[in-house]
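To start, the structure itself, in structure tokens.
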Number of protein chains: 2
Amino acid sequence: MGTLLKPENTGLPAPPRPTERPDPNHSDCRDVASVLSRVGDKWSVFVIMMLSDGPKRFNELKRMINGISQRMLTLTLRGLERDGLVTRTIFPTIPPRVDYELTDLGRGLQQPVKALGEWAIAHQQQIASARARFDERNDR
Amino acid sequence: MGTLLKPENTGLPAPPRPTERPDPNHSDCRDVASVLSRVGDKWSVFVIMMLSDGPKRFNELKRMINGISQRMLTLTLRGLERDGLVTRTIFPTIPPRVDYELTDLGRGLQQPVKALGEWAIAHQQQIASARARFDERNDR
DNA sequence: CAGAATCCACAACGATACTG
DNA sequence: CAGTATCGTTGTGGATTCTG
């Protein structure tokens, strides 16, 4: 990797290409990927958002996030807990009660995620119309 | 392909929420989800990063992104093109040549994505050790 | 209430072979 | 070179049922 491509494109002028260098941060790919995949997980992001304003109980989260199955909520929360993004607090009462709360780390992650969300909202129209155009071109 | 645009998170009925105000941007859940799922797609992010410093050819990208199959690269690029994030330029030469380049929209998306990536790098240690602790607690 | 366990459908992905 | 087509495997997630 990082090698320049061969000039076997014999004499094709083609458009000028900016000078290319090896990818600056390709060494961190794996670490970044692990976080991105957590963000890409739709449910994780929703959970983090729902926990913005304080701790929530299991079923409370389940009700807030419409459409999530109990299984996925469990798995999502476990993943977030494992990564140190949320804490899980058990109150040994009857019936049992479990609170989930963002850690400092989790609150930190919220910032970049929100930035992404705001970008999404700001450009959803452009994306939607781009899709429409693409699909129309391709449907025929 | 049409990945990950399931119509399920349609609206939080705002169930009995104890003490707080309605989530400011809960109405945009679906749009956000659609963008997040693209970001969550590992390959899309890598491609966008690789295109940071100018247009690239198909096989050039394939070589740069270690481990991607040619099929996934095709699908990923189609998705990005559909969303208006990259352009696809065909040079009808022999052998054929196709350049992919970020659009302004794509370059815009790069910023929040990079922020996320930087957060990931900055906190990978914390996450790693959180995972280690969690796993150890749980392995026994 | 908060989950663990099981079953199953289907989407995602990789490998391979073929084409203009 | 830049794809498309097909197949087989794995993974992901929903529905359901059971438990402390």
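Per chain, numbering begins at 1; letters A, B, ... match sequence-line order. These numbers were taken from a predicted model, which means no experiment stands behind them. In what follows, every heavy atom counts, from backbone to side chain, and hydrogens, waters and symmetry copies are set aside.
Here the closest non-hydrogen pair linking B:Ile68 and B:Lys62 is O-NZ, 3.9 Å.
Looking at residues two or more places apart in sequence or on another chain, you find no salt bridge (Lys or Arg N to Asp or Glu O under 4.0 Å) involving A:Arg71. With sequence neighbours excluded, the residues satisfying side chain to side chain donor-acceptor pair (under 3.5 Å) with A:Gln110 are A:Ser52. Residues passing the side chain to side chain donor-acceptor pair (under 3.5 Å) test with A:Arg88, sequence neighbours excluded: A:Tyr100. Residues passing the side chain to side chain donor-acceptor pair (under 3.5 Å) test with A:Ser44 are A:Asp41, sequence neighbours excluded. Legend: residues meeting salt bridge (Lys or Arg N to Asp or Glu O under 4.0 Å) with A:Arg82, ordered by chain and number and at least two apart, are B:Asp135. For the salt bridge (Lys or Arg N to Asp or Glu O under 4.0 Å) test, no residue two or more places apart in sequence or in another chain qualifies with A:Arg78.
What separates CE of A:Met72 from P of D:dG11 is a distance of 15 Å, to the nearest Å. Put simply, CZ on B:Phe46 is 16 Å from C1' on C:dC13, counting in whole angstrom units. In this structure, A:Lys42 atom NZ and D:dG13 atom C1' are separated by 10 Å, rounded to whole Å. Going from atom CH2 of B:Trp43 over to atom C1' of C:dC13 covers 10 Å, rounded to whole Å. Atom CG of B:Asp41 and atom P of C:dA11 are 17 Å apart (whole Å). In this structure, the CZ atom of A:Phe91 is 19 Å from the C1' atom of D:dG20, given to the nearest Å. At whole-Å resolution of the value, CG in B:Leu73 and P in C:dG14 are 11 Å apart. If you take CD1 of A:Ile65 and P of D:dG13, they are 14 Å apart, rounded to a whole angstrom.
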Q: Scan nucleotides 3-9 of chain D nucleotide by nucleotide, 5' to 3', and note B when protein non-hydrogen atoms come under 4.0 Å of the base, S if they reach only the sugar-phosphate, - if neither.
A: BB-B---
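Comparing the axis of the opening five pairs of the helix from C:dC1-D:dG20 to C:dG20-D:dC1 with that of the closing five pairs yields an angle of 40°, rounded to 10°.
Nearest-nucleotide positions on DNA chain C place A:Asp99 closer to the 5' end than the other of B:Pro96 and A:Asp99. Both A:Leu75 and B:Asn59 lie close to DNA chain D; mapped to their nearest nucleotides by heavy-atom distance, the more 5′-ward contact belongs to B:Asn59.
Side-chain N/O atoms of B:Arg97 include none lying less than 4.0 angstrom from OP1 or OP2 on D:dA2.
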With a cut-off of 3.5 Å and sequence neighbours excluded, list every side-chain donor-acceptor pair involving residues 115-123 of chain B.
{"residue": "B:Trp119", "atom": "NE1", "partner": "B:His123", "partner atom": "ND1", "Å": "3.3"}
{"residue": "B:His123", "atom": "ND1", "partner": "B:Trp119", "partner atom": "O", "Å": "2.9"}

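Of the charged side-chain nitrogens involved, at least one lies within less than 4.0 Å of a carboxylate oxygen, so that B:Asp83 and A:Arg131 count as a salt-bridged pair.
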